[in-house]
2 protein chains.
Amino acid sequence: MDAEAIKRSLEGSGLRCTPQRYAVMAFLMKHNRHPTAAEIFEAVNRVDPRSSRATTYNNLRDLVQAGLVREVAVEGRAARFDAKGVRHHHFICDRCGKVEDIEWCDVPRPASGSLGKRILRECELIFRGLCTKCAPRRHASRSVS
Amino acid sequence: MDAEAIKRSLEGSGLRCTPQRYAVMAFLMKHNRHPTAAEIFEAVNRVDPRSSRATTYNNLRDLVQAGLVREVAVEGRAARFDAKGVRHHHFICDRCGKVEDIEWCDVPRPASGSLGKRILRECELIFRGLCTKCAPRRHASRSVS
DNA sequence: GACAAATTTAGACTATATCTAATGTGATAT
DNA sequence: ATATCACATTAGATATAGTCTAAATTTGTC
């Protein structure tokens, strides 16, 4: 996405295209990892225009409010704990960050049902509760009681 | 779960059953919300035995290491951001807290496939990306690009 | 250019979590 | 019983993430 397009996108959402705001938005569009505010702050400040910490946070807030950026994995930013009594999954709301328990369910095996392969791949993630990197190599099952 | 059972469970994991440790564990077993460390600290300290902040955090760490407690929604405790370019879901690993994008996929409609109703209910949560409370009331579709 | 509104800024402040060094506790050997 | 030693606890210092404030600056408009 080129500079003009970013400018239009900001102004289309009722935000002025200030140098600092532009820098934050451009950085987020260029890097599709999920950077923290601190990483964005640092990256933006390696070159002109500089941007104070407050401005970086303000701009992130504005971009999220405008619907141009998503904030993920929130939940008040404090760790939460859970005695492993009944086996269950955790689901985290995209909007409010609430942690919701969902009933335990094993990974569905057959890929032939009315739900296609793509859905299964996504189901497997949540059913397993582990990302691709952390998932056990083979058919080994991990205790998540 | 009674006091003896908690004691056995701690000792079975190689942890001494100290008053402070017991209090944290008992609190977590009794309340199946997902309290923060601060909430646990406060609750435990409303009555004897008192427990310092460091001890509360240490005990939580020990309980997690021993596999008796889970820490949910981690990810280094810093918010992460994401320019809403391509529509996708976010999956957060239960073990390492990594945020992983998964390809966008609409909520599957039919409940009659080879995957049962229960699976569908769980799929819907992740496919929608919103918890029960935040989900739009009816068939309204939310823009999550 | 002058004005008002929006934006940026440095730094103080709050909240969450970890570290440190001193002290306390409990099981075991003597 | 008591000396010992590993394990636990403590208060307080420190670190990190984020917010707030009040003043200064920039921007769009007349």
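The side chain of A:Gln20 lies closest to C:dT8 when the candidates are D:dA8, C:dT8, C:dA6. Among the nucleotides C:dA17, D:dT9, C:dG26, the one closest to any side-chain atom of B:Arg16 is C:dG26. The side chain of A:Ala54 lies closest to C:dG11, out of C:dT20, C:dT16, C:dG11.
Cluster annotation: B:Val24 and B:Leu10 are assigned to the same hydrophobic cluster (Ile/Leu/Val/Met/Phe/Trp/Tyr, side-chain heavy-atom contacts under 4.5 Å, transitive). Tracing side-chain contacts under 4.5 Å through hydrophobic residues (I, L, V, M, F, W, Y), one reaches A:Leu68 starting from A:Phe27; they form part of the same cluster.
Under 3.5 Å, the side chain of A:Arg53 and the base of C:dG11 form no donor-acceptor pair of N or O atoms.
Remark: P of D:dG28 and CG of A:Leu15 are 13 Å apart, rounded to the nearest angstrom. One interatomic measurement links the two molecules: CD of A:Glu11 to C1' of C:dT7, which rounds to 15 Å at whole-angstrom precision. Between the CZ atom of B:Phe41 and the C1' atom of D:dT10 there is a distance of 11 Å, rounded to whole Å. The distance from atom CG of A:Asn58 to atom P of D:dA24 is 19 Å, rounded to the nearest whole Å. Distance B:Asn45 CG to D:dT10 C1': 12 Å, rounded to the nearest Å. Distance, B:Glu42 CD to C:dT16 C1': 14 Å, rounded to whole Å. Look at OH on A:Tyr57: it is 14 Å from C1' on C:dC13, rounded to the nearest Å. Between B:Ile40 atom CD1 and C:dA15 atom P there is a gap of 18 Å when expressed in whole angstrom units.
When all heavy atoms of B:Arg50 and B:Gln20 are compared, the closest pair comes out as O-NE2, 3.3 Å.
Note on B:Ser52: a base of the nucleic acid sits closer than 4.0 angstrom, heavy atoms only. Within the 4.0 angstrom heavy-atom criterion, base atoms lie near B:Thr55.
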Could you run down the sub-3.5 Å N/O contacts of the protein with nucleotides 3-5 of chain D?
none

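Heavy-atom nearest nucleotides on DNA chain C were determined for A:Pro19 and for B:Ala38, and the one closer to the 5' end corresponds to A:Pro19.
Panel note: side chain B:Glu11, backbone B:Arg8; no donor-acceptor pair is recorded below 3.5 Å. Of the possible polar contacts, none joining the B:Arg53 side chain to the B:Phe41 backbone as a donor-acceptor pair under 3.5 Å is found.
Phosphate contact (OP1/OP2 of C:dT25, side-chain N/O of B:Thr18, threshold under 4.0 Å): absent.
Of the residues listed (B:Asn59, B:Thr56, B:Thr18, B:Asn45), the one engaging B:Ser51 in a side-chain hydrogen bond (donor to acceptor under 3.5 Å, both in side chains) is B:Thr56, and it is the only one.
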Stepwise side-chain contact (heavy atoms from CB on, under 4.5 Å) test for B:Leu28 and B:Leu60: CA-CA 10 Å; B:Leu28 278 171; B:Leu60 281 168; 4.0 Å; yes

